[in-house]
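Since the structure is predicted, the reported quantities are computational estimates derived from the model, not experimental observations.
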Amino acid sequence: MRSSPVWLVLAGFMILLDLYVFQIIKLVSHGSPKTRSIIFSSYWVISIAALVVLFILPLLQLDNYSKGVRSTVFAIIIGLFLAKLIASVFFLVDDIRRGTQWLVGKLFFRNTEGEQMEEGKISRSVFLSWLGLAVGSGLFGSLLLGFSNKYNYKIKKIKLSYPNLPASFKGLRVVQISDIHCGSFTNKLAVQRGIEKILHLKPDLVLFTGDLVNNKSEEMRDYMDLFSQLKAPLGVFSTLGNHDYGDYVQWPTSQAKKENLEYLKRIHGQLGWRLLMNEHVVLTKNTEQIAVIGVENWSAKARFPKYGDLAKAYAGSEVAPFKILMSHDPSHWDAEVIPKFGDIDLMLAGHTHGMQFGVEIPWLKWSPVQYVYKQWAGLYQQGRQKLYVNRGFGFIGYPGRVGILPEITLFELA
């Protein structure tokens with residue numbers, strides 16, 4: 001409820017933050033009184049409008065397209081808030097400097113010229129003020145630019161070599177996609193371009209590692225014709241992610257929630273995908289075999305569910321000399337795969353999206369999500385076992401991507 005104490009505290013904090021930042025705006029604003037008046041008025045109009053809209057938006061009942069607009073508006077408001085918060089760190093550093101200087105003057109330089117520092121009013125650092133505003137504005141500008149990247153699909157080509165891979169499977173082309181989150185899409189044409197990129201790769205095998213929807217199976221209704229295009233000679237296999245269970249919405253009854261999940265399972269079949277629910281399949285070429293294992297969502301993080309049963313899914317796959325595991329949450333790797341299943345050669349995961357925000361350049365790879373997930377994007381290895389964390393095909397929450405772009409992964413096995 002928007003009248004709850006949490007929301008009142010949030011509103012109060014946002015107002016205090018606006019007042020604090022406004023003091024800096026006054027300091028750095030120059031020009032005629034009319035110009036300054038326009039700047040100050042614009043600041044408060046935007047700040048008050050953002051606060052009002054933030055509390056009204058969740059109350060509106062909107063169709064899917066309007067939800068896309070709502071998520072964009074919400075992201076802009078949160079971006080403004082974060083920009084002010086980051087800028088305020090610089091202002092706070094300056095205030096601590098000024099406070100320390102004042103205190104030193106009071107305690108150690110009484111009745112001297114040093115005390116006059118306090119008497120003459122210690123000035124705020126214009127440099128730190130401008131630096132704070134620049135950093136905050138840079139963050140906000142990046143978030144706005146990121147809206148244009150949400151369908152900017154990038155193909156990552158990864159070559160993996162395994163001595164135990166059967167000869168018949170040497171050169172196998174495996175495409176992984178993850179975290180489609182179709183409930184966030186508002187542009188079918190853009191999504192179709194992503195599907196065409198996958199088909200152009202001519203994969204032998206397609207693996208989807210969970211989160212087909214945000215919350216409800218009905219979100220797939222308008223995208224069935226797109227994702228049903230995905231075909232591969234050895235098949236398309238899928239598993240479930242944490243969002244697929246409908247755990248993040250209120251259902252009228254437990255039966256309604258159960259029916260939603262059962263319908264989602266049928267959707268996988270209607271797409272032509274083989275959904276692996278704590279089970280495995282053995283793929284055969286020229287009498288040689290590999291196993292594809294799929295588990296339901298299993299997370300080592302307390303806030304995410306453990307529906308998966310890897311022991312059950314693994315049982316019987318021992319006959320295959322090479323094994324690929326699909327498990328949505330990468331925390332599963334350190335918690336259970338490495339210590340208990342040493343002959344799983346490759347685990348494919350998703351879930352983190354790279355937080356849809358970060359930096360990936362040749363000499364730096366960083367995202368805030370790395371402070372929560374040890375393995376959060378790309379390839380990891382421990383001993384002979386490898387893990388790959390896909391950055392996600394879709395998006396959720398923030399309708400954009402900054403630095404961490406949507407991904408289609410092509411593995412070439414050798």
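Side chains of Lys84 and Ser47: a donor on one and an acceptor on the other come within 3.5 Å. Using modelled atom types and a 3.5 Å distance limit, the side chains of Asn215 and Tyr245 yield no donor-acceptor pair. In summary, the side chains of Ser184 and Asn214 do present a donor paired with an acceptor at a separation below 3.5 Å, with no hydrogens or angles considered. Looking at Asp345 and Asn164, their side chains do bring a donor and an acceptor atom within 3.5 Å of each other. Side chains of Gln255 and Glu259: a donor-acceptor N/O pair is present below 3.5 angstrom, by distance only. Side-chain contact annotation: Gln356 with Asn149, donor-acceptor N/O pair under 3.5 Å absent. Using modelled atom types and a 3.5 Å distance limit, the side chains of Thr409 and Glu407 yield a donor-acceptor pair.
Panel note: side chain Asn286, backbone Glu288; no donor-acceptor pair is recorded below 3.5 Å. Put simply, the side chain of Asn297 gets close to the backbone of Asn242: a donor and an acceptor are under 3.5 Å apart. Within the 3.5 Å criterion, the main-chain N or O of Val295 finds no donor-acceptor partner in the side chain of Asn278. Within the 3.5 Å criterion, the main-chain N or O of Ile338 finds no donor-acceptor partner in the side chain of Glu336. With hydrogens and angles ignored, the 3.5 Å screen pairs no side-chain donor or acceptor of Glu218 with any backbone N or O of Lys216. Of the possible polar contacts, one joining the Arg173 side chain to the Leu201 backbone as a donor-acceptor pair under 3.5 Å is found.
The heavy-atom pair separating Val402 from Ser142 by the smallest distance is CG2-O, 3.2 Å. Shortest non-hydrogen contact noted between Leu199 and Lys231 is CD2-N, 4.4 Å. For the pair Asp222 and Lys188, the tightest heavy-atom approach, listed with the atom from each and the gap, is O-NZ, 2.8 Å. Of all the heavy atoms in Ser88 and Leu17, the pair that sits closest is OG-CD1, 3.1 Å. Of all heavy-atom pairs spanning Ser299 and Asp329, the tightest one is OG-OD2, 2.8 Å. The two atoms that bring Leu413 and Phe322 nearest to each other are CD1-CE2, 4.1 Å, heavy atoms only.
The shortest side-chain heavy-atom distance between Asp211 and Asp244 falls under the 4.5 Å cut-off. Looking only at side-chain heavy atoms (C-beta outward), Ile158 and Leu410 stay at 4.5 Å or farther from each other. Proximity of Ser327 to Thr239: side-chain heavy atoms (C-beta onward) are nowhere separated by under 4.5 Å. Annotation: side chain of Phe357 is in contact with side chain of Leu139 (closest heavy-atom distance under 4.5 Å). When side chains are defined from C-beta on, Val359 counts as touching Ile361, because their heavy atoms get closer than 4.5 Å. Counting heavy atoms from C-beta outward, Trp251 and Val249 have side chains that approach closer than 4.5 Å. Proximity of His268 to Leu240: side-chain heavy atoms (C-beta onward) are separated by under 4.5 Å at one or more points. Here the side chains of Phe13 and Leu85 are in contact, with some heavy-atom distance below 4.5 Å.
Residue Lys374 places its NZ atom among 12 or fewer non-hydrogen atoms of other residues, nucleotides or ligands, all under 6.0 Å distant. Counted within 6.0 Å of CH2 on Trp130, heavy atoms from surrounding residues, nucleotides or ligands total 12 or fewer; the atom is thus considered open. For NZ of Lys340, the number of neighbouring non-hydrogen atoms (other residues, nucleotides, ligands) closer than 6.0 Å is 12 at most. Tyr248 OH: more than 12 foreign heavy atoms inside a 6.0 Å radius. The local environment of NZ in Lys157 is sparse, with at most 12 non-hydrogen atoms from other residues, nucleotides or ligands closer than 6.0 Å.
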Between Ile324 and Ile293, is the side chain to side chain contact (heavy atoms under 4.5 Å, CB included) condition met? List the steps. CA-CA 6 Å; Ile324 300 174; Ile293 304 167; over 6 Å; no
Checklist line | side-chain hydrogen bond (donor to acceptor under 3.5 Å, both in side chains) assessment of Glu196 paired with Gln192 | finding: CA-CA 6 Å; Glu196 290 169 357; Gln192 174 64 37; 3.2 Å; yes
Evaluate the side chain to side chain contact (heavy atoms under 4.5 Å, CB included) criterion for residues Met355 and Gln370: first the C-alpha distance (whole Å), next the side-chain angles of each, then the deciding distance (0.1 Å), finally the verdict. CA-CA 9 Å; Met355 204 174 173; Gln370 71 187 54; over 6 Å; no
- Please lay out, stage by stage, how Phe395 and Tyr151 fare under the test ring pair (Phe, Tyr, Trp, His ring centres under 6.0 Å). CA-CA 9 Å; Phe395 53 92; Tyr151 301 112; 5.8 Å; yes
TODO: With ring pair (Phe, Tyr, Trp, His ring centres under 6.0 Å) as the test, would you mind laying out the steps for Trp273 and Phe208 before giving the verdict?
DONE: CA-CA 9 Å; Trp273 302 1; Phe208 170 65; 5.5 Å; yes
Using the rule given for side chain to side chain contact (heavy atoms under 4.5 Å, CB included), can you reason through Phe81 versus Ile77, listing the C-alpha separation, both sets of side-chain angles and the distance that settles it, and then say yes or no? CA-CA 6 Å; Phe81 173 73; Ile77 294 171; 5.8 Å; no
Report task. Verify side chain to side chain contact (heavy atoms under 4.5 Å, CB included) between Gln176 and Phe411, making sure each step is shown before the conclusion. Result -> CA-CA 8 Å; Gln176 179 200 9; Phe411 299 98; 3.8 Å; yes
Output, in order, the C-alpha distance, side-chain angles, deciding distance and verdict of salt bridge (charged side-chain N to carboxylate O under 4.0 Å, His left out) for Asp179 and Arg391.
CA-CA 8 Å; Asp179 299 86; Arg391 295 158 180 81; over 6 Å; no
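The CG atom of Leu145 sits 14.5 Å away from the CZ atom of Arg401 when rounded to the nearest 0.5 Å. The line from CD1 of Ile177 to OG1 of Thr209 is 8.0 Å long, rounded to the nearest 0.5 Å. Here the CG atom belonging to Leu348 is positioned 12.0 Å from the NZ atom belonging to Lys386, to the nearest 0.5 angstrom. Atom-to-atom distance recorded for Gln289:CD and Leu283:CG is 9.0 Å, nearest 0.5 angstrom. Rounded to the nearest 0.5 Å, atoms CD (Glu279) and CG (Leu275) are 7.5 Å apart. With rounding to the nearest 0.5 angstrom, the OH atom of Tyr20 is 13.0 Å from the CD1 atom of Ile25.
Taking a cutoff of 4.0 Å between a charged side-chain nitrogen and a carboxylate oxygen, Arg384 and Asp343 do not qualify as a salt bridge. With salt bridges taken as basic N to acidic carboxylate O contacts below 4.0 Å, none links Lys154 and Glu360. Residues Lys265 and Glu262 are paired through a salt bridge, judged by an N-O separation under 4.0 Å between the basic side chain and the carboxylate.
When each of Tyr307, Phe341, Phe304, Trp298 is paired with His332, the ring pair (Phe, Tyr, Trp, His ring centres under 6.0 Å) condition holds for Trp298 and for no other. The only member of His243, His181, His328 that meets ring pair (Phe, Tyr, Trp, His ring centres under 6.0 Å) when paired with His353 is His181.
Aromatic pair Tyr380/Tyr388: centroids not less than 6.0 angstrom apart.
Aromatic ring pairs are classed by plane angle as parallel below 30°, tilted from 30° to 60° and perpendicular above 60°; the pair Phe227 and Phe185 is parallel.
The cationic atom of Lys26 (NZ for Lys, CZ for Arg) does not lie both less than 6.0 Å from the six-membered ring centre of Phe40 and within 45° of the ring axis.
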